[in-house]
Structure formats: structure tokens, C-alpha cells
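These notes concern the structure reproduced below.
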Amino acid sequence: MVKPAKNAISPTRDEDYPMWYQEVVKASEMAEKSPVRGCMVIKPWGYALWENIVATMDGMFKDTGVKNAYFPLFIPLSYLEKEAEHVEGFAKECAVVTHHRLETGDDGKLVPAGKLTEPLIVRPTSETIIGESMSRWTSSYRDLPILLNQWANVVRWEMRTRIFLRTSEFLWQEGHTAHASEAEARERTMMMLDVYTRFVEEYLAMPVVRGRKTASERFPGAVDTVCIEAMMQDKKALQAGTSHFLGQNFARSSDIRFQNADKKEEFAWTTSWGTSTRMIGGMIMTHADDDGVIMPPRVAPAHVVLLPIFRKEEDQRKVMEYTRSLADALGARTYNGSRIRVEIDDRDTGGARAWDWIKKGIPLRAEIGPRDMEKDCVFLGRRDEAPGKKVSLGREDFISTIDTILDDIQNNLFNRALAFKRANTVEIDDTEAFKTLFTSPDENSIHGGFAMAHWCGSAECEAKIKEDLSVTIRCIPFDSKTEQGSCICCGNASGRRVLFAKAY
RNA sequence: CGGGGCGUAGCGCAGCCUGGUAGCGCGCCUGCUUUGGGAGCAGGAUGUCGGAGGUUCGAAUCCUCUCGCCCCGACCA
């Protein structure tokens with residue numbers, strides 16, 4: 001009757017974490033690999049999640065005065081060349097369009113023809129092409145600030161891809177702003193990091209560390225990069241969003257100038273900031289368990305699935321009627337500002353049906369059978385609890401408290417993740433202990449964590465640690481207290497701890 | 001781009017060493033019986049054995065070349 005396998009996902013996290021992740025994604029039906037190298041197909045269940053993410057973040061951006069626009073997918077090669085560090089950062093991973101036509105060759109195969117005079121690159125990010133527009137739109141300080149965002153796809157030809165975490169093409173938003181003063185641009189950089197923090201913590205239920213990147217980890221061409229870093233269940237760090245203060249670097253290269261109130265000409269101060277479908281990978285690796293994905297209720301494609309159960313033919317109609325009426329009642333309720341999203345699954349597949357929804361990570365499963373109907377109850381299971389744990393709940397109670405239950409799940413997920421992050425964040429002063437933490441006892445075992453350790457500030461020490469242990473400085477946390485210590489690498493004086501971790 | 005592994009049905013795999021009609025499990029389709037946590041029985045469909053060339057009477061199997069994928073590294077706002 002019952003399969004011996006305890007968990008829906010094999011291998012488990014402990015057995016093989018990378019493989020577990022791939023299986024979780026597959027079993028959830030969120031996305032799959034496409035025939036195109038390094039690219040993914042986002043399936044309806046995954047795309048609905050993305051749409052919820054987009055809708056929420058988009059509203060948050062607009063609340064800060066940002067407006068949406070759209071710029072071309074193709075960028076003239078010469079644009080990328082304008083900013084020296086920027087070219088260097090992206091040149092190695094660009095898809096390049098060199099032709100605009102196909103012809104049939106002698107062997108009957110299609111061959112590119114019609115060579116472009118100037119190659120086009122597929123945007124890896126849009127600073128340069130948006131900068132071109134901004135330079136034309138800006139002549140007076142009265143034209144500033146310009147506060148833009150675009151939802152788009154970008155392409156970065158990565159050597160090694162992982163679904164959602166790093167794909168050659170991915171969906172994201174990129175915000176680009178131009179300001180008349182440095183202070184205002186810096187303020188915007190932090191403001192957008194605050195938006196990211198709020199979204200990721202309050203919606204994706206992922207606790208983050210906020211901080212500043214070191215020079216070597218900065219966005220190519222940026223003066224300052226700030227970020228949020230989350231801890232995955234294998235204790236590695238995942239950058240969940242970045243916000244860049246670009247100084248006047250891109251304004252110079254794109255010629256974004258304006259005349260100030262004193263009739264003097266100045267270069268504008270710009271920012272850019274982005275989050276991507278990578279957040280979905282982070283969400284999965286933060287909450288999913290050995291039974292599959294767990295969707296935080298606030299972003300879940302559906303909040304609850306109703307599973308009608310009927311033994312006899314004559315029960316079917318009654319149960320289905322009861323189920324539909326319950327669905328209507330639930331759908332009229334709201335949670336966190338949107339209607340309760342209800343699915344009814346009346347497939348006749350026995351227990352497999354419930355497991356499908358567990359693997360998809362739906363927050364609530366409500367079974368409705370003749371026995372429940374008699375008591376006017378549902379048999380309710382929560383995704384943040386064990387699959388077998390279910391409670392009988394009166395229909396009216398269920399309808400009136402579903403928002404509270406969903407909130408409870410949302411909070412529970414965040415608190416669990418926070419506890420995990422705290423349990424695996426350590427202050428380390430001893431070099432040997434630092435090495436031990438980041439050295440795997442055997443090939444595949446989960447190890448490491450967030451190490452708060454002193455760093456002298458030299459790029460040499462940073463590079464040496466990366467070389468020796470594959471550990472990088474994820475950020476210099478804003479909340480790390482100033483204290484005297486000695487560099488974990490060279491022993492020289494340091495005034496502050498930084499966050500070291502292995503990273504995705 | 002380096003190291004390792006793998007390409008056989010939708011998915012997961014066996015068969016290869018030792019050449020001889022293409023297999024298994026899951027899924028899928030049909031029917032019946034079932035149904036409160038991954039249902040049972042019976043029947044059925046699905047393959048350029050990644051591709052090209054070679055050896056051979058005969059190649060999934062041996063040889064050569066090639067393409068692709070995965071994992072680990074390197075790289076990676």
C-alpha cells in the first residue's frame with residue numbers, strides 16, 4: 001500500500017545536497033532545463049510564483065517614485081566599451097549577434113549571412129544603453145532625478161549553470177537612477193537595498209545580512225556595492241540582491257551631464273540595483289525539506305488545495321458541491337492584501353495526489369470527505385509540518401482563520417530560517433578554527449557557515465583565503481560592531497569583523 | 001577551460017567486459033476492482049541504444065572521431 005520511502009525527495013539534503021536541489025525543482029514542477037544550453041523553462045507553477053514576486057516588488061518600487069520603462073535587448077558593442085571596468089567584468093560572458101540573416105548553404109544547412117557592421121551584444125545588464133537615453137534626457141538639474149526600472153531578461157554566458165541560481169538567460173528587474181547630487185544617489189542606493197531587505201525577509205521569509213561588498217566583489221564600474229546575503233541550508237551564502245552607487249563613472253562614460261542652479265555643468269550621479277529569478281533558487285534552498293519545496297504563503301502561487309475524497313459514486317456529487325462552496329467562501333477572504341488563492345484537485349489518483357502538492361510546496365492541504373462533511377469540518381495539513389500531521393477543523397473556523405494560519409506559516413518559516421542562520425553564524429578569531437570550519441570532513445558533507453572574523457582590509461589576504469579555502473568575504477555587515485582584533489589571515493590590526501562564507 | 005562521470009522509452013536505470021530478435025521499474029493508455037496519506041489486477045502503447053565512420057555474416061556491445069549533459073574545480077554584478 002504505502003511505499004517504503006520516507007521522503008518524497010531522493011536523495012535527501014544530507015545525502016547529496018546539489019542533487020537534492022535539482023530533484024526538488026523537478027518534483028515541484030516549477031521549472032526544467034531547456035534544450036538550450038544553460039537556459040530554463042519556467043513552468044506555470046514557477047512562473048506564478050515569479051508573477052507574485054514581480055507584482056509585490058513592482059509596487060514597492062513605485063512607492064519610492066520609480067517608474068517602469070523598457071530598453072532594447074541588443075546593445076551596440078561600442079556601448080559596452082565605454083566604461084573600462086564594466087567591459088572587463090562582462091566581456092567574457094556576452095552573447096554576441098554578428099549576423100541578421102540566414103541562407104541555405106551548399107549542404108542544405110542554414111548558415112548566417114548578412115554580417116552586421118557593428119556586432120550587437122545581448123544585454124548582460126543595461127547600464128550603458130540606459131545611460132545613452134539618460135544623457136539625451138538630461139540637460140538641467142530640473143530633469144533630475146530620473147528614477148527608472150525595467151523588468152527584463154538578460155543573458156550572461158556562464159560556464160556553469162544551475163536552474164534558478166545561475167542560468168545563461170534569466171529574468172530580473174534592473175533599476176537605474178540618475179541624480180543631481182552624490183548624497184541623493186547614495187541615499188537611493190540604500191533605499192533600494194531597504195526595499196530588497198523588506199521584500200526578501202517579509203515575503204520570501206529569508207533572513208538576510210546587509211552589508212557592503214569589498215572592492216574585489218563590487219559590480220564592475222561601481223564605486224560602492226551594497227548587498228543582502230542569505231544562508232542556504234548547506235550553510236553557503238547566496239547573494240539575494242545588490243544595489244550599486246555608481247558615482248559619476250557611468251555618467252562620464254555615457255555623457256550624462258546637466259547644468260546646476262549655479263549655471264555650472266556637472267556629471268550626474270547614478271545608481272543601479274537588481275534582483276532576479278535567482279531569488280527563487282534562494283527561497284527553495286532556504287525553506288525546502290526532504291519532501292520538496294515549501295512556498296512562503298505571501299508569495300505562494302496558491303494558498304490552499306482542497307482534496308475531495310469520496311468512496312462511493314453517490315458521495316461524489318455531495319462532496320464536490322461542498323468543496324466548491326468552500327472554495328468560494330475561501331476565495332472571498334483575503335490574506336495580506338490579496339484574495340485567498342484556492343486550488344481544487346479532484347483527480348482520482350489516491351494518495352499520490354496529496355504528495356504532488358506537498359512537493360509543490362502549497363502552504364495548506366484540506367481533505368474533504370463524507371466523514372468531514374458530517375461534522376462540517378475539513379482535515380487540514382500544513383506544509384511547514386510533517387506530511388502525516390493533520391487536524392480536523394470546523395469549516396467556519398477554517399474560513400475565518402485561514403489568514404491567521406497562513407501568517408503563522410509565514411512567520412514560522414522565517415523564524416526557522418533565522419534560527420538556522422544564527423546557529424551557523426560564528427565569531428572566529430583563531431586561524432586554525434577558521435580553516436577547520438571551512439574544510440570538508442569528506443567529499444560531499446555539508447560544512448562551513450557564516451564566519452564573522454577580522455580582516456585587515458588587504459586584497460592580498462582576501463585573495464589568499466579565497467585561494468586556500470574557496471571562502472570569500474560576502475560583505476562587510478552594516479551592523480558589525482567596531483572592535484579591535486587581528487586579521488584572520490595575516491594577524492595585522494583590524495577594527496571590524498566581516499562576513500566570510502562559501503558562496504553560490 | 002581543467003579533473004571525474006554519463007548518454008539505451010516521458011523519467012530513473014540494467015544490458016556492454018565475453019557481439020546473435022531491445023529489457024526492467026516508475027509514469028502513460030484501456031478495463032475492472034479500489035479510494036481517509038504515494039492503490040490492486042489484467043491488458044496495451046512508446047526506442048534512430050547521442051551522432052558519424054570503421055571492424056564483422058551480424059554492433060547498444062569492439063575500434064576511431066565527434067556532439068551533448070551532469071558533478072567537482074576555475075570563472076562568475
Side-chain angles (χ1 to χ4, degrees), chain A residues 1-10 16-19 21-23 26-27 32-38 83 85-86 88-94 123-127 154 156-163 165-168 170 172 174 213 216-222 224-227 239-246 271-276 278 291-292 307-313 315-316 319 346-359 365-374 377-379 381 386-390 392 440 443-444 466-467 470 472 502-504:
Chain A
M1 276 298 249
V2 179
K3 273 196 170 180
K6 270 188 185 153
N7 301 109
I9 303 298
S10 172
D16 187 340
Y17 194 87
M19 191 62 79
Y21 174 74
Q22 297 198 102
E23 292 297 323
K26 196 189 292 179
E32 61 188 26
K33 286 180 304 175
S34 85
V36 184
R37 199 203 90 107
E83 216 290 334
E85 279 185 40
H86 194 64
E88 204 182 319
F90 286 106
K92 280 176 287 184
E93 52 186 56
C94 283
R123 62 182 166 218
T125 179
S126 304
E127 274 76 5
V154 286
R156 296 180 189 180
W157 211 263
E158 302 288 355
M159 294 308 277
R160 188 172 156 208
T161 57
R162 278 182 221 247
I163 205 155
L165 295 172
R166 180 174 292 107
T167 43
S168 296
F170 54 94
W172 78 340
E174 50 179 322
K213 287 292 185 191
S216 73
E217 298 275 336
R218 244 179 239 147
F219 177 71
D224 198 8
T225 291
V226 293
C227 64
Q239 180 176 295
T242 47
S243 185
H244 315 290
F245 169 65
L246 304 174
T271 79
S272 70
W273 25 278
T275 54
S276 71
R278 180 179 226 207
D291 291 320
L307 303 167
I309 292 161
F310 29 84
R311 249 180 216 282
K312 293 168 245 149
E313 201 76 12
D315 289 336
Q316 178 166 359
V319 173
D346 60 354
R347 285 176 301 160
D348 182 20
T349 56
R353 181 178 62 164
W355 282 102
D356 282 348
W357 290 101
I358 290 171
K359 289 183 279 192
R365 307 179 305 282
E367 292 175 18
I368 299 146
R371 293 212 296 267
D372 305 296
M373 275 176 64
E374 275 168 34
C377 283
V378 297
F379 207 40
K389 186 178 171 189
K390 287 178 290 189
S392 192
S440 179
E443 202 58 27
N444 285 319
K466 184 176 181 180
E467 167 94 10
S470 309
T472 49
K502 295 196 178 182
Y504 275 98

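All heavy atoms count here, side chains included; hydrogens, waters and symmetry mates do not. Per chain, numbering begins at 1; letters A, B, ... match sequence-line order.
Under the Watson-Crick and G-U wobble criteria, each requiring two contacts below 3.5 Å, nucleotide B:C41 is paired to B:G31. Pair check for B:C62 finds B:G54; Watson-Crick or G-U wobble, both atom distances under 3.5 Å. For B:G23, the paired nucleotide is B:C13, the pair qualifying as Watson-Crick or G-U wobble because both relevant distances are below 3.5 Å. When both pairing distances are held under 3.5 Å, B:U18 makes no Watson-Crick or G-U pair with any nucleotide shown. In this entry B:C69 has B:G5 as its Watson-Crick or G-U wobble partner, both defining distances falling under 3.5 Å. Base-pair partner of B:C76: not found among the strands shown (Watson-Crick or G-U wobble, both distances under 3.5 Å). Using N1 to N3 plus N6-O4 or O6-N4 for Watson-Crick, or N1-O2 and O6-N3 for G-U wobble, each under 3.5 Å, B:U48 pairs with nothing.
Distance A:K359 NZ to B:G38 P: 13 Å, rounded to the nearest Å. Atom C1' of nucleotide B:C71 and atom CD of A:E23 are separated by 14 Å, given to the nearest angstrom. Taking atom CH2 on A:W355 and atom C1' on B:G36, their separation rounds to 15 Å, with Å as the unit. The nearest whole Å value for the distance from the OH atom in A:Y504 to the P atom in B:A74 is 14 Å. The CD1 atom of A:I309 sits 14 Å away from the C1' atom of B:A39 (whole-angstrom rounding). Protein atom CH2 of A:W157 is 16 Å distant from nucleotide atom C1' of B:C75, rounded to whole Å. B:C71 atom P lies 11 Å from atom CG of A:L165, rounded to whole Å. Taking atom CD of A:E32 as the reference point, atom C1' of B:C69 lies 15 Å away to the nearest angstrom.
Inter-residue side-chain proximity for A:L307 and A:F379 is flagged as unmet; no heavy-atom pair is nearer than 4.5 Å. Looking only at side-chain heavy atoms (C-beta outward), A:E174 and A:V154 come within less than 4.5 Å of each other. With contacts defined as side-chain heavy-atom distances shorter than 4.5 Å, the pair A:I163/A:Q22 does not qualify. Side-chain contact between A:Q239 and A:Y504 is absent, with no heavy atoms from C-beta onward closer than 4.5 Å.
With rounding to the nearest 0.5 angstrom, the NZ atom of A:K359 is 11.5 Å from the NZ atom of A:K26.
Between the P atoms of B:C11 and B:C69, the separation comes to 16 Å (whole Å). Across B:C62 and B:U18, the matching C1' atoms stand 11 Å from one another, rounded to whole Å. One C1' atom belongs to B:C65, the other to B:A22, and the distance between them is 26 Å to the nearest Å. The separation of B:A60 from B:G19, taken at their C1' atoms, amounts to 10 Å, rounded to a whole angstrom. Rounded to whole Å, the separation between the C1' atoms of B:G27 and B:C13 comes to 14 Å. Rounded to the nearest Å, the gap between the P atom of B:A39 and that of B:A52 is 42 Å. As rounded to the nearest Å, B:G12 and B:U48 have P atoms that lie 15 Å from one another. The separation of B:A74 from B:G4, taken at their C1' atoms, amounts to 15 Å, rounded to a whole angstrom.
Position along RNA chain B of the nearest nucleotide to A:G381 versus A:K26 favours A:K26 as the more 5'-ward residue. For the pair A:I358 and A:G38, nearest-nucleotide mapping onto RNA chain B gives the more 5' position to A:I358.
For A:R123, the side-chain hydrogen bond (donor to acceptor under 3.5 Å, both in side chains) test picks out A:Y70, A:N153, with sequence neighbours left out. A:T472 meets the side-chain contact (heavy atoms from CB on, under 4.5 Å) test with A:E217, A:K466, A:R474, A:A503; sequence neighbours excluded. For A:T275, the side-chain contact (heavy atoms from CB on, under 4.5 Å) test picks out A:M57, A:Q173, A:Y196, A:M279, with sequence neighbours left out. In this structure A:E83 satisfies the side-chain hydrogen bond (donor to acceptor under 3.5 Å, both in side chains) test with no other residue, sequence neighbours excluded. By the side-chain contact (heavy atoms from CB on, under 4.5 Å) test, A:R347 pairs with A:D345, A:T349, A:R353, A:D356, A:W357, sequence neighbours left out.
Counting any heavy atom pair closer than 4.0 Å across all strands shown, A:S272 reaches no nucleic acid atom. Residue A:P370 is in base contact, counting any heavy-atom pair closer than 4.0 Å across all strands shown. Nucleic acid contact class of A:P387 (heavy atoms, under 4.0 Å, all strands): base. Residue A:R218 is in sugar-phosphate contact alone, with no base atom involved, counting any heavy-atom pair closer than 4.0 Å across all strands shown. Across all strands shown, A:R365 has heavy atoms under 4.0 Å from base atoms, whether or not it also approaches the sugar-phosphate. Counting non-hydrogen atoms under 4.0 angstrom, A:F170 reaches a base of the nucleic acid. Across all strands, A:E93 comes closer than 4.0 Å only to sugar-phosphate atoms, never to a base (heavy-atom distances). Residue A:W172 is in base contact, counting any heavy-atom pair closer than 4.0 Å across all strands shown. Within the nucleic acid shown, A:G369 comes within 4.0 Å of at least one base atom, counting heavy atoms only.
A distance-only check finds no donor-acceptor pair linking the side chain of A:H244 to the backbone of A:T225 [under 3.5 Å].
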Protein N or O to nucleotides 29-34 of chain B N or O, pairs below 3.5 Å:
residue: B:U34; atom: O4; partner: A:D348; partner atom: OD2; Å: 3.4

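Listed nucleotides: B:C76, B:A77, B:C70. Nearest to the side chain of A:K33: B:C70. Of the candidates B:G12, B:G36, B:A77, B:A77 carries the atom nearest the A:F90 side chain, counting heavy atoms from C-beta on. For A:K92, the side-chain atoms get nearest to B:C75 when compared with the rest of B:C11, B:G36, B:C75. The listed nucleotides are B:A77, B:C70, B:G36; the one nearest the side chain of A:T225 is B:A77. With B:G38, B:A77, B:G36 as the choices, the nucleotide that has an atom nearest any side-chain atom of A:A352 turns out to be B:G38.
Taking side-chain N and O atoms only, A:T161 has no distance below 4.0 Å to OP1 or OP2 of B:C69. The phosphate of B:C71 has OP1 or OP2 within less than 4.0 Å of a side-chain N or O from A:Q22.
Under the stacking criterion of a centre-to-centre distance below 5.5 angstrom and an interplanar angle below 30°, A:F219 is not stacked against the six-membered ring of B:A77.
Taking only distance into account, the side chain of A:R156 meets the base of B:A77 through a donor-acceptor pair shorter than 3.5 Å.
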